[in-house]
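The structure under discussion appears below in the form of structure tokens.
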2 protein chains.
Amino acid sequence: MKEGPDIAQIGALIGDPARANMLAALTGGKALTATELAAVGGITLQTASAHLSKLEAGGLLLPRKQGRHRYFTLADETVARLIESMMGFAASRGHLRHQPGPKEPALRKARICYDHLAGDYGVRMLDSLVAKGAIDAVGDGLALTAQGEETFQCIGINVADLKASRRPLCRSCLDWSERRAHLAGSLGKALLSNFFDKGWARRTAGSRSVIFSPEGERQFLALFPVETPVAV
Amino acid sequence: MKEGPDIAQIGALIGDPARANMLAALTGGKALTATELAAVGGITLQTASAHLSKLEAGGLLLPRKQGRHRYFTLADETVARLIESMMGFAASRGHLRHQPGPKEPALRKARICYDHLAGDYGVRMLDSLVAKGAIDAVGDGLALTAQGEETFQCIGINVADLKASRRPLCRSCLDWSERRAHLAGSLGKALLSNFFDKGWARRTAGSRSVIFSPEGERQFLALFPVETPVAV
DNA sequence: TCCATACTTCGACCGTAGCCGAAGCATCTC
DNA sequence: GAGATGCTTCGGCTACGGTCGAAGTATGGA
């Protein structure tokens with residue numbers, strides 16, 4: 001009867017509220033210390049330490065020692081994708097938080113998903129790129145077009161550098177709030193970094209949400225116009 | 001701190017070994033009774049009943065009453081994809097079963113993933129279809145080509161019928177044993193049904209594995225030849 | 001050297017969730 | 001109606017896992 005890999009183990013790892021909160025926080029892409037993660041999980045440092053050991057042993061987290069701090073990050077982009085896909089699934093089944101909270105709208109508008117832009121703005125950006133022919137969409141798959149290569153060069157993104165890395169250039173990532181795809185992969189990362197560098201947007205302290213400056217928002221919306229929504 | 005949908009709930013649902021085994025068994029696509037699922041989970045009927053209630057309440061399972069039986073299926077194809085993706089993740093992290101068991105090779109060769117073919121043969125089939133130009137692969141995405149439409153018509157699959165349904169025609173599904181993509185979607189389902197109808201293969205009693213007849217195997221391999229593996 | 005900070009380990013507590021035996025419904029068969 | 005089968009509910013047991021206080025180990029700074 002027991003067939004295939006053991007999903008119960010990682011299910012159980014994610015299944016604890018404190019651990020789930022930690023993982024969700026780390027999906028923001030920033031490395032966090034044990035103390036910070038304890039606060040996120042709403043538990044004491046000792047308890048957090050035990051949880052972090054388990055997550056590390058399970059291959060979900062990667063610790064990095066730096067002086068007397070221990071910074072934790074998600075082990076891998078695949079972990080981030082698993083968490084996001086579970087969030088999407090949870091949202092579709094109505095497994096929402098008890099109180100939506102005031103930060104929810106900001107989170108739905110624009111947030112970090114591991115290292116790229118998600119939320120309404122993330123989906124909008126991908127729609128616009130597909131509409132203008134910079135990215136080719138077939139089914140779930142995304143591919144950069146020759147025209148797109150020029151476009152990104154103009155924005156200030158060196159596509160050749162990105163191609164050199166082993167990581168896929170374009171990847172579609174399902175957005176839990178919009179239930180549509182946004183752009184992940186090294187290109188998605190490069191775009192978000194680009195926005196930060198230009199001062200169009202900034203990350204927030206204790207949250208995954210991304211705040212655009214008024215000017216940055218204007219530029220962003222101008223750069224990624226949407227006529228009619230593109231089905232994905 | 002609490003941001004986004006609650007992944008802990010579904011994590012916990014999947015995190016129990018008995019429930020995980022039930023879900024894995026249901027990924028085989030067949031509807032199973034509470035008694036059968038109790039056997040799968042290695043627990044008594046009462047305990048299984050409680051587990052099944054929870055899974056149903058969580059939106060993972062769909063019960064169907066038939067006489068004095070209650071048949072359970074996965075609620076949705078999205079559930080199957082979640083389970084498979086967790087299996088892929090678990091396999092990549094080495095979360096394997098204690099003893100691989102004698103059935104393992106058969107499972108890796110060919111098995112059912114919800115309603116389509118997975119395993120070595122599933123991956124091989126997709127590779128071959130892409131190589132011969134029947135299916136277009138861009139990144140993760142798959143799309144039927146005009147040429148492919150003819151091909152499938154010849155095999156005896158009415159593509160027009162499939163297009164009429166709301167379900168996507170082609171979908172890539174990550175194979176946990178091969179770590180490569182195989183073909184899901186209504187076309188994947190139609191192909192597997194086609195093999196069953198032709199008598200090329202049959203399902204096994206208590207397992208997800210698919211057994212090919214000697215003749216069926218010959219035909220399958222002839223229909224889906226592979227020259228050089230296609231990267232996905 | 002001494003103290004503060006960051007984190008881990010130990011030990012004990014406790015609650016929840018899984019488990020089963022027994023009894024209770026529901027449905028089919030004869 | 002009587003009996004068999006499939007499943008649920010109830011009650012009580014048990015164990016595992018999460019929790020924290022307290023003590024212990026590392027690192028950095030004064």
Side-chain angles (χ1 to χ4, degrees), chain A residues 1-2 6-26 30-73 95 98 206, chain B residues 1-2 6-26 30-73 95 98 206:
Chain A
M1 292 306 137
K2 294 188 187 177
D6 192 358
I7 55 175
Q9 286 185 38
I10 55 169
L13 279 176
I14 302 175
D16 178 80
R19 285 196 291 258
N21 282 333
M22 291 176 172
L23 289 168
L26 287 170
K30 243 187 305 190
L32 299 174
T33 66
T35 309
E36 288 169 326
L37 288 168
V40 165
I43 48 180
T44 61
L45 191 53
Q46 315 90 286
T47 309
S49 182
H51 283 311
L52 290 169
S53 301
K54 287 184 187 174
L55 288 172
E56 185 189 342
L60 299 190
L61 257 42
L62 224 52
R64 230 176 326 157
K65 242 191 143 162
Q66 213 165 95
R68 53 181 160 178
H69 295 273
R70 260 184 97 200
Y71 283 94
F72 289 88
T73 54
H95 290 279
H98 309 305
Chain B
M1 294 304 135
K2 295 187 184 175
D6 193 358
I7 56 175
Q9 284 185 42
I10 56 169
L13 281 176
I14 301 176
D16 179 82
R19 285 196 292 258
N21 283 332
M22 291 176 172
L23 288 169
L26 287 170
K30 243 187 303 191
L32 298 173
T33 66
T35 309
E36 288 168 326
L37 287 168
V40 165
I43 46 179
T44 62
L45 191 52
Q46 316 91 284
T47 308
S49 183
H51 282 309
L52 290 168
S53 300
K54 288 184 186 175
L55 288 171
E56 185 190 343
L60 299 188
L61 294 186
L62 224 52
R64 228 175 326 159
K65 243 193 143 164
Q66 212 163 97
R68 55 180 159 180
H69 295 272
R70 261 184 97 200
Y71 284 94
F72 289 89
T73 54
H95 290 279
H98 308 305

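Keep in mind that this is a model prediction, so the values were computed, not measured.
- A donor-acceptor distance shorter than 3.5 angstrom exists from the side chain of A:Ser53 to the backbone of A:Ser49, with no hydrogens or angles considered.
- Considering B:Leu23, B:Leu61, B:Leu60 in turn, B:Leu60 is the only one that fulfils the side chain to side chain contact (heavy atoms under 4.5 Å, CB included) rule with B:Leu13.
- When each of A:Arg19, A:Met22, A:Arg70 is paired with A:Leu52, the side chain to side chain contact (heavy atoms under 4.5 Å, CB included) condition holds for A:Met22 and for no other.
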Are any protein N/O atoms closer than 3.5 Å to N/O atoms in nucleotides 14-19 of chain C? If there are, list each pair with its distance.
{"from": "C:dG18", "atom 1": "OP1", "to": "B:Arg19", "atom 2": "NH1", "distance (Å)": "3.2"}
{"from": "C:dG18", "atom 1": "OP1", "to": "B:Arg19", "atom 2": "NH2", "distance (Å)": "2.8"}
{"from": "C:dG18", "atom 1": "OP2", "to": "B:Lys54", "atom 2": "NZ", "distance (Å)": "2.4"}
{"from": "C:dC19", "atom 1": "OP2", "to": "B:His51", "atom 2": "NE2", "distance (Å)": "2.5"}

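- Note: B:Leu55 CG to B:Leu37 CG = 9.0 Å, rounded to the nearest 0.5 Å.
- Closest of all the heavy-atom pairs between B:Ile14 and B:Ala20 is O-CB, 3.5 Å.
- For A:Thr44, the side-chain hydrogen bond (donor to acceptor under 3.5 Å, both in side chains) criterion is met by A:Gln46, A:Thr47, not counting sequence neighbours.
- B:Ser53 comes within contact range of no nucleotide atom at all, as no heavy-atom separation falls under 4.0 Å.
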Counting primed atoms plus P, OP1 and OP2 as sugar-phosphate and everything else as base, spell out the protein contacts along nucleotides 22-30 of chain C at 4.0 Å heavy-atom distance: B, S or - for each nucleotide, 5' to 3'.
B----BB--
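- Per the geometry, CZ belonging to A:Arg70 stands 13 Å off C1' belonging to D:dT25, to the nearest Å.
- In this entry the distance linking CD of B:Glu36 with C1' of D:dC7 reads 13 Å, nearest Å.
- Atom CZ of B:Phe72 and atom P of D:dT8 are 6 Å apart (whole Å).
- Going from atom NE2 of B:His95 over to atom CD1 of A:Ile10 covers 6.5 Å, rounded to the nearest 0.5 Å.
- Across all non-hydrogen atoms, the minimal contact from B:Thr33 to B:Glu36 is N-OE1, 2.8 Å.
- Atom CG in A:Leu45 sits about 17 Å away from atom P in D:dG18, given to the nearest Å.
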